[in-house]
Amino acid sequence: MWERGRMDFIRTVIAKDLKTGKYGGRVVTRFPPEPNGFLHVGHAKAICLNFGIAAEHPGGRCHLRLDDTNPDTERAEYVEAMKRDIRWLGFDWGEHLYHASDYFERLYQYALVLIDKGLAYVDSSSEAEIRERRGSVTRPGVDSPYRDRNREENRDLFERMRAGEFPDGSHVLRARIDMAHANMVMRDPLLYRIRHASHYRQGDDWPIYPMYDFAHCLSDSVERVTHSLCTLEFENNREIYDWLLEHVDAPRPRPEQTEFAPLVLDYVITSKRLLRRLVEGGKVRGWDDPRMPTLAGLRRRGVTPDAIRTLCDMVGVARAHSRVGMDKLEFAVRDDLNHKAPRAFCVLDPLKVVLTDYPEEREQVFTAPLLPGDADTPGTRDLPFGRVLYIDRADFRENPPPGFHRLVPGGTVRLKYACVIRCDKVLKDGAGAVTELHCSVLDQERPGAETAVGPRVRGTIHWVRADRAVPVEVRLLDRMFTVAEPPTDDIVAAMNPDSERVIAGALAEPGVAGTPPGTHYQFERHGYFFSDPVDSGEGHLVFNRTVTLRDSWTERARPTGTSSPRHGTARSGRNGMDRDAGARHLAPEETLRTPGQRANFREVVSLGVSRAAAASLVRSQPALHLFHAARADYPDGAGSIADWLVNEVSRLVAATDGAGLELLEPGALSSLARAVDGGEFSHRQGRRIVEALITRGISFEEARASLDLTEIDDEAMLSAMLRQVADEYPEKLAAYQDGQHGLLGFFVGQVMRRSRGKADPRKANELAKGMFGPT
RNA sequence: UGGCCCGUGGUCUAAUGGCAGGACACCGGUCUUUGGAACCGGGGGUGGUGGUUCGACUCCACCCGGGCCAACCA
């Protein structure tokens with residue numbers, strides 16, 4: 001069974017927020033689908049994340065919020081389907097069912113606040129004009145002629161928009177931010193549009209509808225959500241999310257948006273737009289077609305909620321873009337169904353077998369377990385046996401490939417739970433196709449014996465008694481598309497023509513008769529099957545193949561030469577691309593673009609700064625000024641000042657969103673460099689000082705005084721600690737002395753830990769080398 | 001000469017600056033009345049180049065590669 005691993009980055013953030021009391025110990029997430037289609041595997045990841053996190057914390061909540069701000073596409077039946085699918089997955093929102101459309105009045109009031117603050121305006125441009133003036137990713141936009149309307153006019157217009165006085169498209173409400181903003185989302189985003197359409201819940205109450213960016217953050221805020229988790233494509237929208245909350249003075253603490261990578265499965269599309277196209281184009285049996293990646297389709301196919309949750313746990317939560325192979329879903333399904341699905345025999349492609357030496361009138365019934373012994377679940381089924389049987393055509397080969405373990409002319413095979421037979425004669429029709437096998441029973445004295453008393457055989461196959469078999473329809477489902485990444489422009493062409501193969505004449509063992517819809521079986525040696533909840537009934541049994549069994553035979557049966565090399569795989573990199581292709585290795589100064597930077601570079605290098613550091617330094621005017629100011633105090637330290645600036649300071653400045661640089665006094669920087677160069681402090685101590693300088697904005701002397709900068713450099717003490725570590729981890733020491741030199745860091749790390757960071761690592765390093773052997 | 005984000009075995013994902021680990025897949029073996037399951041074992045990885053550091057997957061710079069953004073959709 002699969003078990004979940006460690007914390008992902010989102011859970012880590014939440015744990016930290018809990019610790020710092022940022023949200024007063026509250027954890028409130030939300031799952032906010034738009035009810036314009038069916039939920040799919042991609043949503044499952046978000047559901048598992050949001051509801052999962054809520055369930056992990058006492059008092060945690062996850063809201064189900066229907067993000068229904070677009071009257072054109074949304075329908076009540078989709079809401080019901082979504083609720084059903086989420087419950088089926090095993091999650092519950094309790095009382096916390098919300099609709100963004102219920103906030104329309106509050107949202108409207110917030111819009112008025114923005115207008116009154118001069119931060120929103122009514123733009124009466126056409127859609128085309130707005131688009132044109134937005135500019136492009138490389139070109140700044142230009143202001144709308146309506147951008148400077150006064151508040152009264154804006155308010156009047158907006159109120160009349162709300163009153164329904166204007167036709168669709170005549171006006172929009174926009175935030176007044178910056179038409180030249182580098183982030184396109186911030187170029188005066190639209191807040192409201194006019195839409196005279198009937199909303200599935202609000203009817204005709206509203207002629208204006210809020211846009212996603214406006215509605216989403218405010219809905220989160222209204223619901224007092226703490227952690228607003230969404231997929232990566234909303235990264236650019238985080239800025240407007242925060243801007244709006246800030247400028248409507250949303251109550252604090254405010255919800256924070258965090259993005260994670262969506263679940264992208266190979267051979268699958270998860271775009272509601274494209275899925276709808278398949279449904280409406282009649283390419284599938286509906287939103288719940290067993291080939292569809294919708295939760296409804298997966299459910300109808302026989303995929304279990306447990307398997308989907310396992311899949312979500314397996315893929316984890318991270319920010320890296322990823323594609324997940326179907327193998328993981330298949331593993332999760334098999335892993336779950338293996339111990340749940342009762343076994344049955346089902347012959348997909350029947351081939352008649354007559355046991356010539358078995359009496360026609362004899363009625364023997366064998367007993368087989370419902371689940372194999374290793375599943376450890378009691379229960380049996382009856383398998384009637386007789387003279388005329390059917391086996392699967394694939395289990396007989398007249399000209400078997402090497403390694404074929406099943407029935408061949410003159411060969412033997414075990415009929416599972418029954419007896420061993422030998423194929424004596426092969427009957428064919430006029431076209432040469434095999435129609436019937438005549439066989440004899442070899443261990444008739446003890447048929448059905450538990451142990452292999454009879455002749456030794458390599459193969460064991462399933463079978464059904466001809467006159468007791470139950471006819472069933474079997475649907476063999478395969479991947480929906482022929483390519484892992486279906487093209488979004490023509491998905492119909494990319495569809496796998498064999499994504500559904502209907503087998504009308506399959507024959508199952510008698511116990512399968514009367515199977516109710518929605519029942520799992522493992523048809524032995526074939527895979528897991530599920531009686532179709534829609535099409536399967538009393539008189540007509542229909543089984544969907546959920547997934548095949550793992551099959552190590554077909555793999556090996558491939559003709560020699562096509563087996564791919566398993567070792568020494570050529571370095572190919574992610575997505576099959578060579579990521580180093582065309583890489584140019586430039587000297588540091590060659591990356592400088594302006595003549596000014598090059599001049600500064602030469603000057604800084606002449607002062608004793610390394611070329612690498614100089615190239616970084618001259619890119620930032622503030623850093624360069626700081627460098628020159630600090631250098632004046634400590635002319636000999638130009639090199640080390642630059643190193644501190646380039647490596648440590650820039651890191652901290654980035655971490656403080658750029659706020660840290662002004663806090664750093666040139667004098668502090670030069671003092672720091674001088675102290676470290678002079679041996680007063682180690683580099684390690686210097687790092688702690690510079691961190692205090694920047695994040696706390698204190699002086700060098702204050703930092704020196706407030707920090708506990710003592711360091712253990714007593715050799716005897718350090719040696720003792722190293723000895724202790726080595727004694728506790730003799731196997732590590734042995735491995736180190738055996739050549740695993742990376743373990744030196746382990747010993748030093750342990751000493752650092754035990755000394756609570758106070759040991760001098762450089763000295764510990766040297767001592768360790770001396771004690772445990774030279775590297 | 002746009003901004004932001006992201007690169008860890010084939011795939012997904014871990015590693016307060018201190019042992020590069022796990023899972024799926026793959027290969028081999030044991031066992032087996034499912035060529036299943038289970039069990040044991042194995043190979044294979046930090047995109048590149050410099051720099052900082054006693055020590056870099058982790059910090060800095062550049063390069064390479066990928067993603068998102070120019071709906072009155074969400």
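These numbers come from a predicted model, not from an experiment. Letters A, B, ... are given to chains in the order of the sequence lines, protein chains preceding strands, and every chain is numbered from 1. Any value given below was found using the heavy atoms of this structure, including those in side chains, with hydrogens, waters and symmetry copies removed.
Residue Arg406(A) is classed as a base contact, given a heavy-atom separation below 4.0 Å to a base. Residue Phe404(A) is in base contact, counting any heavy-atom pair closer than 4.0 Å across all strands shown. Residue Gln522(A) is in base contact, counting any heavy-atom pair closer than 4.0 Å across all strands shown. When heavy atoms are screened at a 4.0 angstrom cut-off, His405(A) is found touching base atoms of the nucleic acid.
Scored by the side-chain contact (heavy atoms from CB on, under 4.5 Å) test, Ala46(A) finds Phe31(A), Asn50(A), Phe260(A) as partners (sequence neighbours excluded). Judged as a side-chain hydrogen bond (donor to acceptor under 3.5 Å, both in side chains), and not counting sequence neighbours, Asn647(A) has no contacts. Judged as a side-chain hydrogen bond (donor to acceptor under 3.5 Å, both in side chains), and not counting sequence neighbours, His196(A) has no contacts. With sequence neighbours excluded, the residues that form a side-chain contact (heavy atoms from CB on, under 4.5 Å) with Glu235(A) are Leu232(A), Glu259(A), Arg319(A). Take Met752(A) and apply the side-chain contact (heavy atoms from CB on, under 4.5 Å) test, not counting sequence neighbours, and it matches Arg684(A), Val748(A), Ala759(A), Pro761(A). Shown here are the side-chain contact (heavy atoms from CB on, under 4.5 Å) partners of Ala368(A), two or more places apart in sequence or in another chain: Arg381(A), Leu383(A), Tyr417(A). With sequence neighbours excluded, the residues forming a side-chain hydrogen bond (donor to acceptor under 3.5 Å, both in side chains) with Arg611(A) are Glu589(A), listed by chain and number. Looking at residues two or more places apart in sequence or on another chain, you find no side-chain hydrogen bond (donor to acceptor under 3.5 Å, both in side chains) involving Asp713(A).
Using a 4.0 Å cutoff on non-hydrogen atoms, the parts of residues 589-597 of chain A near RNA chain B are Thr591(A), Arg593(A), ordered by number.
The phosphate of G35(B) has neither OP1 nor OP2 within less than 4.0 Å of any side-chain N or O from Arg458(A). Listed pair Ser552(A) / G36(B) meets the phosphate criterion, a side-chain N or O lying under 4.0 Å from OP1 or OP2. For the OP1/OP2 pair of C54(B) and a distance below 4.0 Å, the side-chain nitrogens and oxygens of Arg762(A) include at least one atom meeting the criterion. Phosphate proximity of C6(B) to Arg319(A): present, with a side-chain N or O under 4.0 Å from OP1 or OP2.
For Pro761(A), whose side chain is taken as the heavy atoms from C-beta onward, the closest listed nucleotide among C62(B), G36(B), C54(B) is C54(B). Comparing U13(B), U34(B), A61(B) by their closest approach to the side chain of Ser616(A) singles out A61(B). Of the candidate nucleotides G10(B), G18(B), G36(B), G18(B) has the atom lying nearest to any side-chain atom of Met752(A).
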Seminar exercise, completed: Under a 4.0 Å heavy-atom criterion, the protein footprint on nucleotides 68-74 of chain B, written with B, S and -, is BBBSBSB
Please tabulate, one pair per line, each protein N/O and nucleotide N/O from nucleotides 55-58 of chain B that are separated by under 3.5 Å, including the distance.
none

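Side-chain atoms of Asn237(A) and Tyr212(A) form no donor-acceptor pair, as typed in the model, at a separation below 3.5 Å.
A salt bridge links Glu648(A) to Arg651(A): one of the charged nitrogens lies within less than 4.0 Å of a carboxylate oxygen. Electrostatic pairing of Lys272(A) and Glu34(A) does not count as a salt bridge here, judged by no charged N lying under 4.0 Å from a carboxylate O.
At a cut-off of 3.5 angstrom, the base of G18(B) holds no donor-acceptor pair with the side chain of Arg753(A).
Using a 90° window around 0 for the glycosidic torsion, A20(B) falls outside it and is classed as anti.
Distance alone, capped at 3.5 Å, is enough to place a donor-acceptor pair between the Arg174(A) side chain and the Asp188(A) backbone.
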Problem set entry | For RNA chain B, the dot-bracket pattern of Watson-Crick and G-U pairs whose distances stay under 3.5 Å, | for other-strand partners | .((((((..((((....[..)))).(((((.......)))))....(((((..]....))))))))))).....
